[in-house]
Amino acid sequence: MKIAILIDEPRVSYLPGEEGLNEDLQKRKTVKNLKEVLSKRFECSLVKADSDIISKLQNENVSLVFNLCNGIRGETRQAQIPAILEFSGIPYTGSSILGHTLAINKNYACKVFKGSGVTTPEFISIYDKDDLMQLRNKEIKFPVLVKPCDEGSGRGIHQDSLVYDFRSLKRKVQQELRLYNPPIMVTEYIKGREFTVGILGNGNNLKVLPILEISFEALPDDLAKFYSFEVKANYADKTIFRCPAPLDNKLKTKIENTAKKAYNALSLRDYARVDVRVKDDTPYVLEVNSLPGLQKGYSDITKMASACNLGYEGLILKIVENAINRYKQASEQKVV
């Protein structure tokens, strides 16, 4: 069996500065980690996604694509490669066009959560600067968090994204509108413990990895206590990761069930990561990453895998197994 690891072209020209450089570096390290694991069991190649992607994969006679592509540009960029692969009939790991489209756009994801009974923070979507004036007529409870609707890994969420007054809110939203796709989201800030939940599997056959708590108690006093880009990039040594998270069974079950409900509400497949904050023993889903990072020892879901008997190698092979079984079941259903 031949597996192609599919990666994006460098995105730094579209996302300039430290954010783009950090993303490309993480992707290169992840590819190295994946090749080390997959090459032990499969014939493995590395393919860059470009305009010749279909012919490249067909010429290599690939059986499965391990999809790492976030996409380069466009508001549904994470769904672009799955769309191309489905059109070409090439099997791939991870979520479908629908799952990625919903998950990457937090505006729609949060609407789906509300319609599915998944607790999520209140939010307002801002499409242009004129929408800001409508906020004056709303009772906004500060502080609020300002973030792009379709970025991940802390991109667009900085220390000054947590704002405490309307003047700061107006300035931050205008800045975000210049850099990122609209809408910009203004969300209720949930003050409480933060967790992230790794999920493997499909449908009712889901495995929840050990829950990871992300604690900001050791950050410098002048930093706001949330997972901003600055914290991820510059204060990893001051961020405390507890896995498995110290939780009583009742709250642990609540978080797991909420995460699974969010996963299925967005029609996700094979693997994903659900970010949660808990306030008054109620888990609030902040967002879902349908294509979480897989850099060994660095990405959150790999920390969860290392906290149980799965380990990093087991995590990667389980993702492949989930995809193979999913296609096998779909094929059997067609025959029936």
Side-chain angles (χ1 to χ4, degrees), residues 8 10-33 68 70 104 106 121 143-164 168-169 171-181 184-187 189-198 211-243 245 273-277 286-289 291-307 312:
D8 294 310
R11 195 169 169 232
V12 68
S13 59
Y14 300 97
L15 188 62
E18 189 178 1
E19 290 184 346
L21 290 170
N22 193 60
E23 178 181 309
D24 291 337
L25 177 61
Q26 183 179 348
K27 190 63 66 69
R28 290 196 299 273
K29 290 181 178 179
T30 301
V31 168
K32 182 177 181 292
N33 297 151
L68 291 179
N70 290 298
I104 194 174
K106 301 176 186 69
V144 293
L145 194 63
V146 179
K147 62 184 182 181
C149 73
D150 61 356
E151 291 288 349
S153 300
R155 291 184 293 275
I157 304 178
H158 294 265
Q159 281 289 299
D160 64 351
S161 297
L162 186 64
V163 299
Y164 294 83
S168 300
L169 175 61
R171 181 176 63 250
K172 186 60 182 176
V173 167
Q174 288 177 328
Q175 176 187 333
E176 297 279 283
L177 283 169
R178 287 193 296 269
L179 294 173
Y180 303 102
N181 295 323
I184 299 303
M185 296 183 68
V186 177
T187 73
Y189 179 63
I190 304 298
K191 187 176 182 180
R193 294 172 71 186
E194 184 157 332
F195 305 91
T196 187
V197 187
I211 297 171
L212 173 68
E213 180 171 14
I214 305 166
S215 174
F216 308 108
E217 61 196 61
L219 289 179
D221 292 339
D222 61 335
L223 286 179
K225 305 302 187 282
F226 68 101
Y227 219 4
S228 64
F229 179 81
E230 291 90 346
V231 170
K232 288 188 176 186
N234 304 321
Y235 293 93
D237 60 329
K238 299 293 184 182
T239 307
I240 300 171
F241 298 95
R242 299 186 178 103
C243 190
R273 199 193 73 234
V274 182
D275 295 339
V276 173
R277 273 207 170 196
L286 304 181
E287 60 184 82
V288 178
N289 191 330
L291 198 67
L294 293 172
Q295 183 181 331
K296 185 177 181 179
Y298 174 80
S299 299
D300 289 343
I301 199 168
T302 72
K303 293 186 177 82
M304 301 175 210
S306 295
Y312 183 76

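Residue numbers count from 1 along this sequence.
Annotation: salt bridge (Lys or Arg N to Asp or Glu O under 4.0 Å) contacts of K32 (sequence neighbours excluded): E36. By the side chain to side chain contact (heavy atoms under 4.5 Å, CB included) test, I104 pairs with R77, Q78, D150, sequence neighbours left out. The salt bridge (Lys or Arg N to Asp or Glu O under 4.0 Å) check on K172 picks up D160, E176, with sequence neighbours excluded. In this structure F241 satisfies the side chain to side chain contact (heavy atoms under 4.5 Å, CB included) test together with L212, I214, Y227, T239, D300, K303, sequence neighbours excluded. Partners of T302 by side chain to side chain donor-acceptor pair (under 3.5 Å), not counting sequence neighbours: none found. With sequence neighbours excluded, the residues that form a salt bridge (Lys or Arg N to Asp or Glu O under 4.0 Å) with E194 are R277.
Contact record, Q26 with T30: O-OG1, 2.8 Å, taken as the closest heavy-atom pair. When every heavy atom of P148 is checked against every heavy atom of G156, the shortest pair comes out as CD-O, 3.5 Å. The minimum heavy-atom distance between N181 and I184, with the atom names listed, is O-CD1, 4.1 Å. Across all non-hydrogen atoms, the minimal contact from L219 to A224 is CD1-O, 4.1 Å. Considering every non-hydrogen atom in both Y189 and F226, the closest pair reads OH-CB, 4.2 Å. Taking each heavy atom of C243 and A307 in turn, the nearest pair found is SG-CB, 3.5 Å.
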Inset, instruction - Check step by step if side-chain contact (heavy atoms from CB on, under 4.5 Å) holds for V163 and V144. - result: CA-CA 6 Å; V163 299; V144 293; 3.5 Å; yes
Legend entry - Worked check of side-chain contact (heavy atoms from CB on, under 4.5 Å) between L294 and N33: CA-CA 8 Å; L294 293 172; N33 297 151; over 6 Å; no
Legend entry - Candidate pair L169 and V146, rule side-chain contact (heavy atoms from CB on, under 4.5 Å), full reasoning: CA-CA 8 Å; L169 175 61; V146 179; 3.5 Å; yes
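We find the OG-NE2 distance between S228 and H158 to be 8.0 Å, quoted to the nearest 0.5 Å. Rounded to the nearest 0.5 Å, atoms CD (Q295) and NZ (K29) are 5.0 Å apart. For the atom pair Q175 CD and Y180 OH, the distance stands at 8.0 Å (nearest 0.5 Å). In this structure, CG on L179 lies 12.5 Å from CD on Q174, to the nearest 0.5 angstrom. Going from atom CZ of R193 over to atom CZ of R242 covers 7.5 Å, rounded to the nearest 0.5 Å. Remark: T196 OG1 to I301 CD1 distance equals 8.0 Å, nearest 0.5 Å.
Looking at Y235 and P220, their side chains come closer than 4.5 Å, going by heavy atoms from C-beta outward. Side-chain contact between V231 and Q159: present, with at least one pair of heavy atoms (C-beta onward) separated by less than 4.5 Å.
Remark: the S215 side chain and the E217 side chain contain an N/O donor-acceptor pair separated by less than 3.5 Å.
Annotation: D222, atom CG; neighbour count of heavy atoms from other residues, nucleotides and ligands within 6.0 Å is above 12.
The backbone N or O of L68 sits less than 3.5 Å from a side-chain atom of K27, completing a donor-acceptor pair. The backbone N or O of N70 lies less than 3.5 Å from a partner atom in the side chain of D8, making a donor-acceptor pair.
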